[in-house]
Number of protein chains: 2
Amino acid sequence: MENLAIEYENLDQKVYQLVKGMIENRQLLPGKKIPQEKLAKEMGISRTPLIAALKFLEHEKLVEAKPRRGYYVRLFSIEEMVSIFEIREVLEGLSARRAAKVITKDEARQLQTIFQPYLSVDDITDYQAYSRADRQFHMLIADIASREFLTSILQTFNIISLAYQYPTREGLIRHPNETIHDHLKIADAICNHDSETAEKLMREHLRSAISELTKTM
Amino acid sequence: MENLAIEYENLDQKVYQLVKGMIENRQLLPGKKIPQEKLAKEMGISRTPLIAALKFLEHEKLVEAKPRRGYYVRLFSIEEMVSIFEIREVLEGLSARRAAKVITKDEARQLQTIFQPYLSVDDITDYQAYSRADRQFHMLIADIASREFLTSILQTFNIISLAYQYPTREGLIRHPNETIHDHLKIADAICNHDSETAEKLMREHLRSAISELTKTM
DNA sequence: ATTATGAATTTTGAATACAAAATACATTTT
DNA sequence: AAAATGTATTTTGTATTCAAAATTCATAAT
């Protein structure tokens, strides 16, 4: 009677992923209007599933709906960025704590790998690559934590994505030469199952971004 | 050139509020399918804006889309409830801290008013009314905090709403006779601008719900 | 030359349309 | 009677349509 259910799917999620990707790699720029007809044509679909995807993104605050005027890629003020990082502080602190409790050997290897390429470099200049690594790092920790969370509630907040909309240096607030140390220490704490330290370090890491931001206000 | 813009609006948000309300007052029950045609007719609109609203609710996890099968009101397992409360712990802790910093005289009065009716009662039996007060209390704190957050990022998570989907006693996990004291102390701390204590008490309050929940697992 | 006006064009919000899939119901088979 | 099958009905996902609103662009007025 109940389903060993074949799971079907609809276009919503695929289109959502695509558009989100376009925002993340700056094919769609903050502040710019999203051309519905054009985009839909490019993807070979009608406006209906595109609008569905935009609704998701609107809810994630990655996109803004201006009624009768269309959808725009969200552009954050410094003040809003501070809010985003305050929320990240507590949420990713929780992620780090939980990740430390449930991480597997394999995931630990993955986590350690991300910043491997930068260990021997003493001045990091490729911001784009480092920004990608940074995001990957924070996302992976959220993913690991979310496995045991059973729901993937944490990622749906998507607060991490918002953070990279900062207008300079590929969304990086502090210089890679500084943050690389934070990242390595956090990774160590998580891999050593030291949940208390992991939470503490992650919070401090994000708090540093906040002080940096408030300086520019 | 730029707008002192008249702000227009569309049906999405109104329909969203309506459907959300129906879920909150249990006119639509957890696990039950949402009858689109019927609902749309009742509201005097087409399915288009209703579906838009359901997409929002899906993203908030208040509703679940089963492709080719429709939308269902979300039913949470105990494990998922624990996750929800872990997230509430850190997020509402942050809210309480910020609220304590920015609360006005007027808002303080409002906050103190919510549990006024229960001060003289020594056995609270109207769970429905108390549940409403409880939600109002947590929401108000989030609102106050969000004013200074500039974006209303915090409420959009809507994690608070999820919490009341718990299947017994109108979504209340601990008995009102116990929680009333927590609430009064939290309100006091916030009204006295004691942000540290406010955060600590709010966290403890939610942590108690978590232990209660884990007992039943 | 800038600013204002207004028609022409494009875009939006929402209803409607419709094929494909799911569900409900009746009928037949075991 | 229970299970399986087939048919009718309903519902879903997506495209299409269309009026109302916004934008663009050309022209006229200051």
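In what follows, every chain begins at residue 1, and chains take the letters A, B, ... in the order their sequences are listed. Keep in mind it's a predicted model, so treat the numbers as computed, not measured.
- Checking each of A/K66, A/E64, A/K55 against A/Y71 for a side-chain hydrogen bond (donor to acceptor under 3.5 Å, both in side chains) leaves exactly one that passes, namely A/K55.
- Of the candidates D/dT23, C/dT12, D/dG13, the closest approach to any side-chain atom of A/Q36 belongs to C/dT12.
- Of the candidate nucleotides D/dT14, C/dT16, C/dT12, C/dT16 has the atom nearest to the side chain of B/T48.
- If you measure from atom CG of A/L39 to atom P of C/dT12, you get 11 Å, rounded to the nearest angstrom.
- The separation between B/L54 atom CG and C/dA14 atom P is 15 Å, rounded to whole Å.
- Looking at A/R132 and A/Q136, their side chains never come closer than 4.5 Å, going by heavy atoms from C-beta outward.
- When side chains are defined from C-beta on, A/E80 does not count as touching A/K61, because their heavy atoms never get closer than 4.5 Å.
- Nucleotides of DNA chain D nearest to B/I34 and A/P49 differ in position, and the one nearer the 5' end is that of B/I34.
- In this structure, B/L50 atom CG and C/dA15 atom P are separated by 11 Å, rounded to whole Å.
- Centroid-to-centroid, the aromatic rings of B/H175 and B/Y127 come within less than 6.0 Å.
- Between the P atom of D/dT12 and the NZ atom of B/K55 lies a distance of 11 Å, rounded to the nearest Å.
- As a whole-Å value, the separation of A/Y16 OH from D/dG13 C1' is 20 Å.
- Nearest-nucleotide positions on DNA chain C for B/G44 and B/Y72 put B/G44 closer to the 5' end.
- Side chain of A/R68, nearest nucleotide from D/dT14, C/dG13, C/dA14: C/dG13.
- Closest contact between the side chain of A/S46 and the listed nucleotides D/dT23, D/dA15, C/dG13 involves D/dA15.
- Per the geometry, CD belonging to A/E37 stands 17 Å off P belonging to D/dT23, to the nearest Å.
- Residue B/Y71 places its side chain closer to D/dG13 than to any other of C/dT12, D/dT12, D/dG13.
- Of the side-chain N and O atoms in B/K33, one or more sit less than 4.0 angstrom from OP1 or OP2 of D/dT12.
- Nucleotide C/dG13 holds its C1' atom 8 Å from the CD1 atom of A/I51, rounded to whole Å.
- The side chain of B/R69 sits closest to C/dA22 out of C/dG13, C/dA22, D/dG13.
- Looking at A/I87 and B/L91, their side chains come closer than 4.5 Å, going by heavy atoms from C-beta outward.
- In this structure, the CZ atom of A/R47 is 14 Å from the P atom of D/dC18, given to the nearest Å.
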